[in-house]
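Everything below concerns the one structure shown next.
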Amino acid sequence: MSSDLLNKAYEPHDVEKRWYDFWEKEKLFEAFEKTKPSYSIVIPPPNVTGVLHMGHALNITMQDILCRYRRLCGDNVLWMPGTDHAGIATQNIVEKMLQSKGFSREQLGREKFIEAVWEWRKESGGAIINQLKRLGASCDWDRERFTMDEGLSRAVRKVFVQLYEEGLIYKDNYIINWCPRCGTAISDLEVEHEEIKGSLYHILYPFQKKSGGLVVATTRPETMFGDTAVAINPDDERYTNIPSADVILPLTGRHIPVIRDTYVGISFGTGALKITPAHDPNDFVIGSRHNLPSIKVIDDNGLMTSEAGRFAGMDRFECREAVIKALVDEGFMKKIEPYTHAVGHCYRCKTVVEPNLSKQWFVKIKPMAEKAISAVRLGETRIIPDVWTKTYFDWMENIKDWCISRQIWWGHQIPAWTCDKCSHVIVANDTPLKCPECDHDSLTQETDVLDTWFSSALWPFSTMGWPDETDLLHNFYPTSVLVTGFDILFFWVARMMMMGIHFRKEVPFKDVYVHALVRDENGKKMSKSKGNVIDPLTVIEEYGTDAFRFTLAAFAAQGRDIKMSEKRVEGYRHFINKIWNASRFVMMHIKDSSFDKIEFNLKNLSLSLPDRWIISRLKKVIHDVAVSLDEYRFNDAAGGLYKFVWHEFCDWYLEAVKPALYGKQGEEQLTAAMSVLWRVLHDTLLLLHPFIPFVTEELWHRLPGTSGSIMAASFPSKGSDDYGIVNDSESESKMNLITEIITGIRNIRGEMNIAPSLSLSAMVQSVEQDIVDTVNSYGDIIIDLAGLKTLSASDFVERPSTSATSVVKGATIFVPLDGVVDFKKEIGRLEKELNKQTKELITVVKKLGNDDFLTKAPPHIVDKVREKEQVLREKQDKLEKNLYRIKGIHDDK
RNA sequence: GGGCGGGUAGCUCAGUUGGGAGAGCAUCGGCCUUACAAGCCGAGGGUCACAGGUUCAAGCCCUGUUCCGCCUACCA
């Protein structure tokens with residue numbers, strides 16, 4: 001394509017829009033149903049109500065990196081996108097909308113309300129999908145699914161029916177977590193515990209027949225109207241002689257029995273526990289053990305029921321205050337002590353959850369959990385990083401039945417019907433017409449809907465067409481990896497494991513990669529209330545998607561949270577710009593017109609040292625990136641690329657190759673330089689593409705000799721000797737020598753404040769013939785990059801009377817500085833250097849003086865240390881000599 | 001209460017079988033050298049939280065202490 005002169009700085013906005021449209025139009029994200037090898041990922045479906053936040057950005061970026069990488073590797077990639085219907089959240093939004101128009105959902109009626117929700121979904125439910133596209137997400141959008149769409153709803157019904165028939169779903173009266181604001185039951189997982197500084201109230205429950213009584217301790221005095229017993233531990237010696245008669249419930253006069261149960265802690269509080277089976281999970285268990293009645297004193301709106309007598313109708317928290325006052329007034333309150341305890345809150349609306357006795361649907365989860373545990377134990381699914389495996393086991397092993405019914409309207413209505421005549425319950429895929437028991441034709445469907453997580457638990461196979469046996473399913477299930485944050489490990493991952501194994505007889509994913517949370521720059525969780533949220537779209541606007549993505553990848557070290565700040569993104573925008581300019585430079589020298597000079601097989605060229613060095617480094621970075629991505633080490637891959645592009649390719653190779661490119665070394669070297677430049681840039685763009693798709697696509701199209709999208713190209717081969725790309729340790733060590741010498745001379749320049757414009761001379765002295773030869777052969781590079789006018793190298797150098805010195809391994813560099821040298825500064829320089837060397841030398845000598853080290857350490861380590869000692873001694877010797885010499889001259893003057 | 005992770009340069013963090021303490025940013029000094037000032041060259045800076053132990057050798061392994069963060073939990 002065109003290699004018109006590029007702009008001096010990279011401008012992301014047009015580029016991003018243009019290429020994303022191009023990719024979609026060319027259907028480059030599409031997965032094919034019957035080709036192999038296949039690689040698949042299902043997206044963690046964002047809530048349809050959601051707006052893009054940092055968590056999504058990280059999650060999507062990682063998946064996109066993997067998918068783009070796999071496509072380049074030649075895999076048939078399916079990245080399945082979609083959204084989640086988010087029952088409670090969506091219903092809340094639409095209800096609020098209706099409220100602003102002045103009516104409630106009850107006024108509208110269920111059917112009309114559902115229509116309104118679908119309407120909302122059509123209008124504004126897809127916002128997040130477009131935001132994912134801004135990130136560059138290469139999902140197969142034609143396959144986008146929604147947990148409430150027809151196919152997935154069919155899957156939900158089938159699963160419900162089958163589990164019911166297998167006895168794994170049941171309906172029962174049980175104490176559940178009730179959110180009075182949302183008006184629905186929620187599962188244990190949806191309750192967030194928060195430490196609250198409250199009080200522990202000691203209340204006297206008088207004996208019925210004699211003076212005194214039992215003092216109970218409670219944090220929730222308002223529940224006392226539901227008390228149906230007081231429990232004490234049978235082993236509690238304080239209570240061995242209490243009367244066997246009842247105690248009197250204060251404020252009501254009701255009599256309740258005293259029971260004995262080992263559950264009660266002797267040392268806690270007063271050792272006497274009030275039992276409220278309808279409003280406390282533990283009390284519920286104790287209550288059923290002792291056949292106690294349950295009395296509901298708080299209704300579904302959080303208001304006191306008529307059982308609370310004169311407190312009926314009060315809000316539960318107002319009631320608490322009123323009850324406290326009454327108990328104090330009437331002398332029953334014996335003590336109030338400050339007490340900090342954990343209180344459950346609804347994870348959606350933060351309302352204090354009310355444990356409430358209620359008839360609900362549950363999944364009997366233990367049998368499924370056991371299989372999900374063993375699948376991980378057997379390695380059928382790997383959890384990465386491994387630390388999460390333990391968390392997974394802990395939770396799975398202590399799992400309790402899952403309350404799946406929700407008293408809301410938006411969601412999958414439970415496919416259960418009750419006969420109006422005989423009360424027979426029918427659970428079926430299709431709406432039954434009459435009762436199979438009594439033939440009655442009036443049936444009422446269960447009004448509850450299912451927990452949203454119930455449908456997302458089926459996501460890996462329901463999105464692929466199940467219950468139909470589709471090609472898609474056969475080709476892409478189980479998926480290759482699930483990429484997700486640990487916050488939904490239990491909500492979602494664990495449940496997908498159970499459902500996948502149960503209904504597909506196969507785990508839903510081979511790997512689970514659990515990534516970190518994105519926090520603000522102070523390590524705090526981003527939240528609207530704290531006001532520390534960074535909006536990804538704002539970041540993208542300002543710095544470009546590529547810079548943002550690269551930042552996320554570079555900071556995504558396993559097992560550690562990411563602290564995000566715009567400052568960091570800015571740093572990586574510079575990197576994107578660096579790539580842009582390096583490419584600009586390459587394309588200044590390789591134009592469409594000169595492209596026929598490029599030789600693809602580098603073996604056919606006469607390569608210079610920097611040529612051989614950079615392709616050896618390229619080989620290494622290709623290997624490293626591939627290995628890192630295979631192991632989900634995104635930060636290593638990004639870091640390795642950063643270092644290679646900036647500090648090897650740009651800092652050294654591009655500078656070293658300039659003379660050849662300017663034709664100063666003849667036609668042969670020009671061809672070699674062009675060919676190597678082209679190869680390195682070509683391969684580097686491919687390596688970078690998964691991380692920064694937009695800029696690489698743009699540059700790819702501008703690079704002569706490419707055709708089509710970079711997405712359709714091939715990842716540089718990891719095999720040996722491709723295009724003559726080989727590991728070349730000899731060139732690497734020679735190049736290291738050259739760069740060390742250059743750095744040495746630059747150091748003299750910098751520390752002595754010698755203007756860059758002043759050309760210097762340098763002499764390299766070494767007794768090693770290799771070194772002398774290398775310096776003589778590649779002196780041009782040193783001359784160029786160190787700003788020299790002359791350079792010589794030999795085994796013996798007549799030391800110039802006034803010169804600065806630099807010592808590298810095996811050689812000494814003299815830079816004559818007649819009239820320029822500042823003796824004091826030079827002495828300071830040398831002393832500083834000598835100091836550093838001596839410190840190192842001391843530790844090494846100490847080691848070698850230790851017999852235990854010599855006899856017990858492995859020989860290759862000992863050799864290494866011996867070699868090091870030699871190098872250090874030699875350097876030290878040279879430095880000392882030069883210091884001595886320059887001090888002499890200085891003293892003469 | 002139980003569990004997990006972390007404490008390494010001023011800041012943010014790498015450090016993969018124990019064997020020379022690193023990067024980016026920030027700081028300081030010098031440069032508009034024709035790819036890039038969103039740049040180039042150079043420099044300074046760390047008792048690897050603390051105390052023990054294992055080892056020839058510990059940032060890394062073991063024990064304890066301490067601080068921070070998170071998850072989890074049916075002692076009201």
Side-chain angles (χ1 to χ4, degrees), chain A residues 6 8-10 175 193 200-201 216-220 223 231 263-276 280-286 339 341-342 355 387-388 390-391 394-395 398 400 486-487 489-490 517 519 521 523-525 543 547 554-555 557 559-563 565 567-568 570-589 631 633 635-636 639 642-643 647 650-651 654-655 658 742-743 746-751 753-757 785-787 832 840 843-844 847 850-858 860-862 864-865 868:
Chain A
L6 275 65
K8 218 170 160 179
Y10 173 61
I175 196 143
H193 292 274
L200 192 60
Y201 303 92
V216 301
T218 180
T219 55
R220 304 195 56 199
T223 62
Y263 168 82
V264 182
I266 295 175
S267 55
F268 186 88
T270 59
L273 175 64
K274 67 196 256 323
I275 302 296
T276 324
D280 184 284
N282 303 314
D283 293 3
F284 178 77
V285 174
I286 296 168
Y339 184 64
H341 60 127
V387 285
W388 294 106
K390 193 172 153 30
T391 312
D394 283 351
W395 189 71
N398 298 306
K400 290 192 299 187
F486 61 79
D487 46 341
L489 190 62
F490 306 140
L517 243 49
R519 299 172 180 279
E521 57 190 317
K524 300 279 180 227
K525 211 166 167 174
Y543 302 99
F555 280 100
R560 198 187 272 251
D561 288 346
I562 298 178
K563 291 181 193 163
S565 82
K567 191 110 202 202
R568 275 167 216 152
E570 190 182 355
Y572 286 103
R573 178 178 62 172
H574 297 176
F575 178 57
I576 306 295
N577 196 51
K578 188 77 180 175
I579 295 165
W580 179 260
N581 275 291
S583 305
R584 192 161 88 103
F585 174 79
V586 171
M587 288 174 214
M588 280 172 161
H589 292 93
E631 294 173 8
R633 296 200 324 267
N635 61 322
D636 285 348
Y642 185 97
K643 194 172 173 206
H647 298 303
C650 292
D651 286 354
L654 290 188
E655 296 305 327
K658 277 176 181 173
I742 293 168
T743 304
R746 281 172 174 174
N747 177 284
I748 291 171
R749 221 184 246 289
E751 303 245 309
N753 287 330
I754 298 164
S757 50
L785 299 190
K832 189 176 74 183
E840 271 193 71
T843 63
V844 169
K847 247 184 196 178
N850 184 344
D851 278 343
D852 282 335
F853 174 70
L854 297 176
T855 52
K856 289 180 183 168
H860 72 277
I861 296 290
V862 177
K864 221 165 133 182
V865 174
K868 186 165 181 193

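A, B, ... follow the sequence lines: proteins, then strands. Residue 1 opens every chain.
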Distance, P atom - from A49(B) to A14(B), rounded to whole angstrom: 14 Å
Please confirm whether the ring centroid of Y543(A) lies under 6.0 Å from the ring centroid of Y572(A). no
Atom-pair distance (NZ on K274(A); P on C75(B)), nearest Å: 16 Å
Distance-only, no hydrogens or angles: does the R584(A) side chain make a donor-acceptor pair with backbone N or O of A9(A) under 3.5 Å? no
Answer with base, sugar-phosphate or nothing: what part of the nucleic acid does Y339(A) contact at a heavy-atom distance below 4.0 Å? sugar-phosphate
With the side chain of P858(A) defined as its heavy atoms from C-beta on, choose the nearest nucleotide among C56(B), U16(B), A76(B). C56(B)
C1'-based separation of A37(B) from G20(B) [nearest Å]: 36 Å
How is T743(A) classified with respect to the nucleic acid when contacts are heavy atoms under 4.0 Å: base, sugar-phosphate, or nothing? sugar-phosphate
Could you measure between the two P atoms, the one in G18(B) and the one in G59(B), and give it in whole Å? 13 Å
For the side chain of N398(A) and the backbone of D394(A), is there at least one donor-acceptor N/O pair under 3.5 Å apart? yes
From the candidates G3(B), C75(B), A43(B), the one with an atom nearest any side-chain atom of D394(A) is G3(B)
Take atom CD1 of I742(A) and atom P of C41(B), then tell me their distance rounded to the nearest Å. 11 Å
Separation of A58(B) C1' from D852(A) CG (nearest whole Å): 17 Å
U16(B) and A21(B): how far apart are their P atoms, nearest whole angstrom? 14 Å
P atoms of U65(B) and C74(B), separation to the nearest Å: 28 Å
Nearest-angstrom distance, P atom, C56(B) to G42(B): 43 Å
Decide yes or no for W395(A) and L489(A): does some side-chain heavy atom of the first lie under 4.5 Å from some side-chain heavy atom of the second? no
Give the rounded distance in Å between these two atoms: CG of N747(A) and P of C41(B). 14 Å
Over 12 non-hydrogen atoms of neighbours within 6.0 angstrom of NZ in K643(A): no
Would you say the side chain of L854(A) lies within less than 4.5 Å of the side chain of D851(A), judging by non-hydrogen atoms? yes
Can you check whether G787(A)'s main-chain N or O pairs, donor with acceptor, with R749(A)'s side chain at less than 3.5 Å? yes
If you define the side chain from C-beta out and look only at heavy atoms, does anything of Y642(A) sit under 4.5 Å from K578(A)? no
D851(A) CG - C56(B) P separation (whole Å): 13 Å
Whole angstroms only, please: what is the CZ-P distance between F853(A) and U55(B)? 17 Å
Considering heavy-atom distances to RNA chain B, does L854(A) or F575(A) have its closest nucleotide positioned more toward the 5' end? F575(A)
Among the nucleotides A14(B), A76(B), A43(B), whichever has the atom closest to the side chain of V264(A) is A76(B)
Kindly assign one of parallel, tilted or perpendicular to the pair W580(A) and Y10(A), based on the angle between their ring planes and the thresholds 30° and 60°. tilted
First encountered from the 5' end of RNA chain B, between N635(A) and K390(A): K390(A)
H193(A) NE2 to C75(B) C1': how many Å, rounded? 14 Å
Check every strand shown and say whether R573(A) touches a base, only sugar-phosphate, or nothing at a heavy-atom separation below 4.0 Å. base
Spacing of the C1' atoms in G24(B) and C70(B) (rounded, Å): 27 Å
Look at R746(A) and G42(B) and indicate whether a side-chain polar atom (N or O) is within less than 4.0 Å of OP1 or OP2. yes
Indicate yes or no for a side-chain donor-acceptor contact from N581(A) to the backbone of K8(A) under 3.5 Å, with no hydrogens or angles considered. yes
What does nucleotides 20-37 of chain B look like as a protein-contact string, B for base, S for sugar-phosphate only, - for none, at under 4.0 angstrom between heavy atoms? S---S----S-----BBS
U33(B) versus A23(B) - spacing of their P atoms, nearest Å: 28 Å
From C-beta outward on F268(A), which listed nucleotide comes closest to its side chain: C75(B), A38(B), A73(B)? C75(B)
Min side-chain heavy-atom separation I175(A)-P281(A) under 4.5 Å: yes
Pair pattern of RNA chain B in dot-bracket, where unpaired bases get dots and | marks partners in another strand, Watson-Crick or G-U under 3.5 angstrom: ((((((((.[[[[.)...(..]]]].(((((.......))))).....[[[[[..)....]]]]])))))))....
Would you mind reading off the distance between L273(A) atom CG and A76(B) atom C1', rounded to a whole angstrom? 5 Å
